[in-house]
There are 2 protein chains.
Amino acid sequence: MSDDSIKTKDKIAPLPTIRRIPSYLRLLYEYRKEGREWISATDIAERLSLKPIQVRKDMAFTGITGKPKKGFVVSDLIDSIRGFLGWDMMSDTVIVGSGALGSALIGYSGFSEHGLNIIGAFDNDEAKIGSLIHGHKVYDLKDIASVIKDNDVTIGIITVPAQAAQSVADKLVEAGIKGIWNFSPVKLRVPECVIVEKEDLSSGLAVLSVKLGAHLCTD
Amino acid sequence: MSDDSIKTKDKIAPLPTIRRIPSYLRLLYEYRKEGREWISATDIAERLSLKPIQVRKDMAFTGITGKPKKGFVVSDLIDSIRGFLGWDMMSDTVIVGSGALGSALIGYSGFSEHGLNIIGAFDNDEAKIGSLIHGHKVYDLKDIASVIKDNDVTIGIITVPAQAAQSVADKLVEAGIKGIWNFSPVKLRVPECVIVEKEDLSSGLAVLSVKLGAHLCTD
DNA sequence: TAGATTGTTAATCGATTAACAATC
DNA sequence: TAGATTGTTAATCGATTAACAATC
């Protein structure tokens, strides 16, 4: 890719860095609640079992600069991370699939802290359509295109069963969605401009299983 | 670490490899259902948008060997992967926290395919104790130690709120649990022989957010 | 001032990818 | 046989870690 554009897009931060950053943010909220003004990379590393140098490198990607001997101003760092993640702006979001997992996510009040504004849920089950789940209306999946367009929804969360996931993704894409958070276990096919992030619980379980199987300890 | 033990422990496979393997298994189950006998690394790579060489490397870690020109026998590869992950043996498991997420997990019937046998759920909410969630009994958190010991439970899934997570982890460890699948957003402190795998949904959301913010596409 | 912490530059480590001989 | 695919060895790439000067 040549740099023929006016302003060459900054290289995105390493994915491992991006994945670690929310845990820093969570710790920072704790510090803020405790009324602490400063936090150092050393503190953070200690609390999260990381190396200080790694935390410092990660921080640099958010654009913050610290003060030798003191570290970072907690509130500044919170702002910097929120800006970096885009969590200072709300993204209108729909959840497709109001089964157990979908319901659990709908009820998660922490989404607003993560930049998500839940517009509503969608399902094709007549029994659920029109009902409320944790205060959010369940709409008919048939109407999803108009709701997405009318509300400028940018993110869709897919929590439907595997066999329905691709067709739901197609509908979301057709309606102009920009990003999909995919909780189904299928690899979705979407145009390359649509971002899909797959949340794969079985990956985490696999890591746990293999580590347990290796029984690294002698007891 | 020196190799003074009788049988030096095999080096564990790379974590990224372990994380990818469940998605191979899922595809293999599809192939089996379709009655197909062979699958090649090329096929798998194509379906999951990976490079064939990466799939072959990953496969090698499971111990399977293939046949040039044909690939791998589907049923053999399934067995090999299940053995590698330890999902051919059932691990008795408890879920602590019967809120929305806990309930969703309890209801997930696919756990048996992932080597987990759910013994029951635990909560400290009087209203929930004694009730059934998706056919599984909710027990009093106070009784967790005896249930874990009596049933030889090796895995604990934590789905309680953040402020309760560490104390639950302490109880699980005290009762002799071997592994913890932690869905709470806190970094748990446990003895080094206890394996903790943290399932951090905010990491995935962070990746989605940053990629969306970078709007790599021009529309 | 002394010392802890930052930020930068260089070295190391580990995973991915490439190259290619072996094989069915 | 010809050609697709495997498995191995080597090269590349990217993230982590180390080293250290700058600074408050």
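Below, chains carry the letters A, B, ... as their sequence lines are ordered, and counting in each starts from 1.
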Within the distance-only criterion (no hydrogens, no angle test), does the side chain of A:Thr17 pair as donor or acceptor with the backbone N or O of A:Asp58 below 3.5 angstrom?
-> no
Euclidean distance, atom NZ of residue B:Lys51 to atom P of C:dA19 [Å, nearest integer] = 12 Å
d(CG, A:Leu77; P, C:dT5) in whole Å = 16 Å
Could you tell me whether the side chain of B:Met59 reaches within less than 4.5 Å of the side chain of B:Leu77, counting heavy atoms only?
-> yes
Integer-rounded Å distance: D:dA4 C1' and B:Asp43 CG = 12 Å
Measure from the side chain of A:Phe72, starting at C-beta and using heavy atoms only, and say which of C:dT16, D:dT5, C:dG7 lies closest.
-> C:dG7
For DNA chain C, whose closest nucleotide is more 5', that of B:Arg20 or that of A:Ile39?
-> A:Ile39
Residues A:Glu197, A:Arg19: salt bridge by 4.0 Å N-O rule = yes
Between C:dG7 (P) and A:Phe61 (CZ): distance, integer Å = 13 Å
Regarding the side chain of B:Lys69, the nearest nucleotide among C:dT9, D:dT6, D:dG3 is D:dG3
Separation of D:dT6 P from B:Trp38 CH2 (nearest whole Å) = 10 Å
D:dG7 OP1/OP2 closer than 4.0 Å to side-chain N/O of B:Arg56 = no
Main-chain N/O of A:Val153 paired with A:Asn151 side-chain donor or acceptor, under 3.5 Å | no
Please determine, for the side chain of B:Ile53, which listed nucleotide (C:dT17, D:dT5, D:dC24) has the closest atom?
-> C:dT17
Taking atom C1' of D:dT16 as reference, at what distance in whole Å does atom CE of A:Met59 sit?
-> 16 Å
Describe the nucleic acid contact of B:Lys67 in one word from base, sugar-phosphate, nothing, applying a heavy-atom distance below 4.0 Å.
-> sugar-phosphate
Return the value, rounded to whole Å, for the distance between atom CG of A:Leu15 and atom C1' of C:dG14.
-> 16 Å
Starting at atom CD1 of A:Ile44, determine the distance to atom P of C:dT6, rounded to an integer number of angstrom.
-> 9 Å
Result for 5'-nearest mapping on DNA chain D, choosing between B:Lys70 and A:Lys70, is B:Lys70
The residue, A:Pro68 or A:Pro16, whose nearest nucleotide of DNA chain D is more 5′ is A:Pro16
Does D:dC20 have a Watson-Crick or wobble mate here (both distances under 3.5 Å), and if so which one?
-> C:dG7
Find the partner of C:dG14: check Watson-Crick (N1-N3 plus N6-O4 or O6-N4) and G-U wobble (N1-O2, O6-N3) distances, both under 3.5 Å, and reply none if neither fits.
-> D:dC13
Distance in Å, B:Tyr108 OH paired with B:Ile95 CD1, rounded so as to fall on 0.5 Å steps = 12.0 Å
